[in-house]
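The structure under discussion appears below in the form of structure tokens.
Chain letters run A, B, ... following the sequence lines, proteins first and then strands; every chain starts at 1.
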Amino acid sequence: MKKYNPQKIEKKWQKVWSDKKVFETKSPGLAKDTAGKKKFYILVEFPYPSGDGLHVGHCRSYTALDIVARKRRMQGFNVLFPMGWDAFGLPTENYAIKMGLQPAVVTKKNTDTFRKQLKSLGFSFDWSRQVNTTDPAYYKWTQWIFLQLFKSGLAYKDKIAINWCPKDKIGLDNEEVVAGKCERCGTVVEKKEKEQWMIKITKYADRLIKDIDNVNYLEKIKIQQKEWIGRSEGAEIDFSLNNYEEKIKVFTTRPDTLFGCSFLVVAPEHALLEKIKDKIENWQAVEKYISKAKNKSDLERQDLKEKTGIEILGIKAINPANKKEIPIFVADYVVINYGTGAIMAVPAHDDRDFEFAKKYNLDIKSVILDNGVLVNSEQFNGMNLIDAKNKIVEFVGGKKSINYKLRDWVFSRQHYWGEPIPLIYCEKCNWQAVAEKDLPVELPKVKKYEPTDNGESPLAGIEKWVNTKCPKCNSPAKRETDTMPNWAGSNWYFLRYTDSKNNKELASAKALNYFMPVDWYNGGMEHTTLHLLYSRFIFKFLYDIGAVPKEIGNEPYIKRTSHGMVLGDGGIKMSKSKGNVINPDQVVKEFGADTLRIYEMFMGPFDQSIPWDTKGVIGTRRFLEKIYNLVIKFESYKVIKSEKNNELEILINKTIKKVGEDIEQMKFNTAVSALMILVNSFYDPTSPSGLCGARDNVKNLLLILSPFAPHLAEELWAEMKFKGMCAKQSWPEYNEKLFTSEKVLLIIQINGKVRDKISVNNGLMQKEVEKLVLELEKIKPQILGKEIKKIIFVPNKLINIVI
RNA sequence: GCCCAGGUGGCGGAAUGGUAUACGCACAACACUUAAAAUGUUGCGAGGUUUCCUCAUGCGGGUUCGACUCCCGCCCUGGGCACCA
């Protein structure tokens, strides 16, 4: 008897699919191939090819979308399901430094490993369209996009505090700072100001919020994006000082409470403090507080349980509403980079202000009643707070204003392994764009690329590369030596897939027009705020400058879903240090790719985090063996005689419907369970063969199984001698008429509790059911002598007698 | 503190107003076997007066003929953001 041997059949079919180019997407223009077919663009986040290899978490989300891709192909769509490498970045650079290798060499090795691993799982990616962010032919266009931002005035230089390790003499990314200390040497991290390229994403804040209503993202994703952008409407109000001509501008969302404002608070970094220090009587103490606040790491400042602050003596502010003099405080609970870095404190109506006022014994005056009507606000008394907002702003000569939490995007990195920023600095002409014909500005190949000890990018040390000529005036000039962040390459890669080998444009209008927008994009929740937002922004920008066709709209993704994490045993994150990492290669080797795929779909709801359970993997493998043995046995009979054939026919139609719907709703776990129930139903111990069903039933089983376990389905398709390749068949239809059987099971309740069940004719009316039910042996005694108050009847489902 | 997701058997989970515990794992018994593995069959929320009844979906209320599901309040777990004026 033949035995299920996944290791053998999986390799075999992977080769066939690849040789016959089964999953290569047809491009527009090849009218014969795409005519009459609707495109469907499915995108999964391309991986960062780390040295650790593929994670079982990658496998879970890629399997899910592979199932969607395979099903949509069977439904006749021209599916684009591409894969590539987001390969620039710090871990590769650090690993290369440690091992004394070139980052490019490490990247090549890692992508080769990842590709091999992904191929071993039988994903139906179109490998012919692969992109790699570190390929000069790719990053030429990443640089080109940056130049468009620069030319549009959306890129600018600004001084930004970076994390600085004084011992290693190196700027650190946030992720390299652990609990305020340098990840490498444990030294306390300091702040150091450095000029950085910034991108004005805030200019797009409003559109990034508004347009979210036009796309089909999971609700929690929409909420998180909106919260991150954090739009709040309010007003800017100037407070005069009693002793100085400067004013303090505050931002508030509650101008209606202005009469209750009993002090001002400014951030320690507020520029005014330095200006008015001569007037401040306790400047020494204030200065001490400021330097203490500045020296605190972000973490410390955030972790404060109790608010601290210091009053500025010798100078007071004047509440513009009632002209009263009020004290000014410096406190580090007010942050400099939101609003104006100064607030008007209304302790009666703000918890933080209240806490602060209690501590420093300040006035707490209530100005709004519970019903939203103003009191203690002179001529505004009795007014509704909504009307009062506008009136009071008007009264004090304030200005309505909108603030965002979103900040501009720091685009410079002082590392080697990233895209060089294609700008040249000329003493006469300032910053100049590299000419487009000179793109890409390739990363120079050098031996030494360690970060420098003065905080400059390693590229700064390569004089031959740095020294160049000004594109405008041809005098000696220097290249920008900072490189771009990881996000630069990943925020437009989905465009490149549509036309990945184009060397004239980032992608042709024709290809973009055909494939874009992305129909379905799945990724991790952790990318909701950064990658997802950045790429939406870049797409909108490209739309604005006409780099992508207007017809495709100004949102890149129609639908966005997210997956849950695969956790280690016991529900904790998989990590090397905990020793609970599951290697997909090992699972494939031991159980097979189809087992891994189905297990990861069956383990639980797709959007929830689920711990890995090796015992569960064994169960899935048993399920696949069961299918294999069933079909092999089935093949040996010409005709199966069984009383259950009809029943199976009905079940298979129901299952086709359910599996199809579940895939679209990402309910893969229940789809697998429906397949299990179906497979179990092929067994009939009362029939001579022990089986039931027809060859056609097996055919349909294999078809709906194939997106989940493509190798097994393909193998059994061949065993059954069905025509062609399973992967190229049409998704089966189902006959809904079969579901409506003659008899239905009716639930009988008394006072909402189940008391009996009977089988009745489909469509039986209430009157007849009542007659039937009231005479039932189990029911009759229970209602005897009791008053029937009400009878609830749900046709074909339930009858509830209320007594 | 705010936002989001979740809390159902020994475990992963199913059911989004109508038979709670599908499917799988684990466990137990039986069959096959010299034996074991594999496979198959059966059982498997708790309790009881056991052809049946009662109680169970984090806790407490409510709406409803009927609530895991909807509403109000609370507790716990996970994730995100964090003094955002």
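- Nucleic acid contact class of A:Asn800 (heavy atoms, under 4.0 Å, all strands): base.
- The stretch residues 788-803 of chain A participates, sequence neighbours left out, in these side-chain hydrogen bond (donor to acceptor under 3.5 Å, both in side chains) pairs: A:Asn762-A:Asn796.
- To the nearest angstrom, P of B:rU39 lies 5 Å from CZ of A:Arg622.
- In this structure, A:Pro605 reaches the sugar-phosphate backbone alone: every heavy-atom distance under 4.0 Å involves primed, P, OP1 or OP2 atoms, never a base.
- Residue-level contact check: A:Arg621 touches neither bases nor backbone, having no heavy atom under 4.0 Å from any strand.
- Consecutive pairing runs in RNA chain B reach the stem threshold at B:1-7 with B:75-81, B:10-12 with B:23-25, B:27-31 with B:39-43, B:45-48 with B:52-55, B:58-62 with B:70-74, where a stem means at least three Watson-Crick or G-U wobble pairs with distances under 3.5 Å.
- Nucleic acid contact for A:Ile801: none, since no nucleic acid atom lies under 4.0 Å from a heavy atom of the residue.
- A:Lys757 comes within 4.0 angstrom of a nucleotide base, judged by non-hydrogen atoms across all strands.
- For A:Glu526 and B:rG79, a side-chain-to-base donor-acceptor distance below 3.5 Å is absent, hydrogens and geometry of angles not being considered.
- Between A:Phe263 and A:Phe356, the distance from one ring center to the other falls under 6.0 angstrom.
- Residue A:Asn680 is in sugar-phosphate contact alone, with no base atom involved, counting any heavy-atom pair closer than 4.0 Å across all strands shown.
- Residue A:Leu798 is classed as a base contact, given a heavy-atom separation below 4.0 Å to a base.
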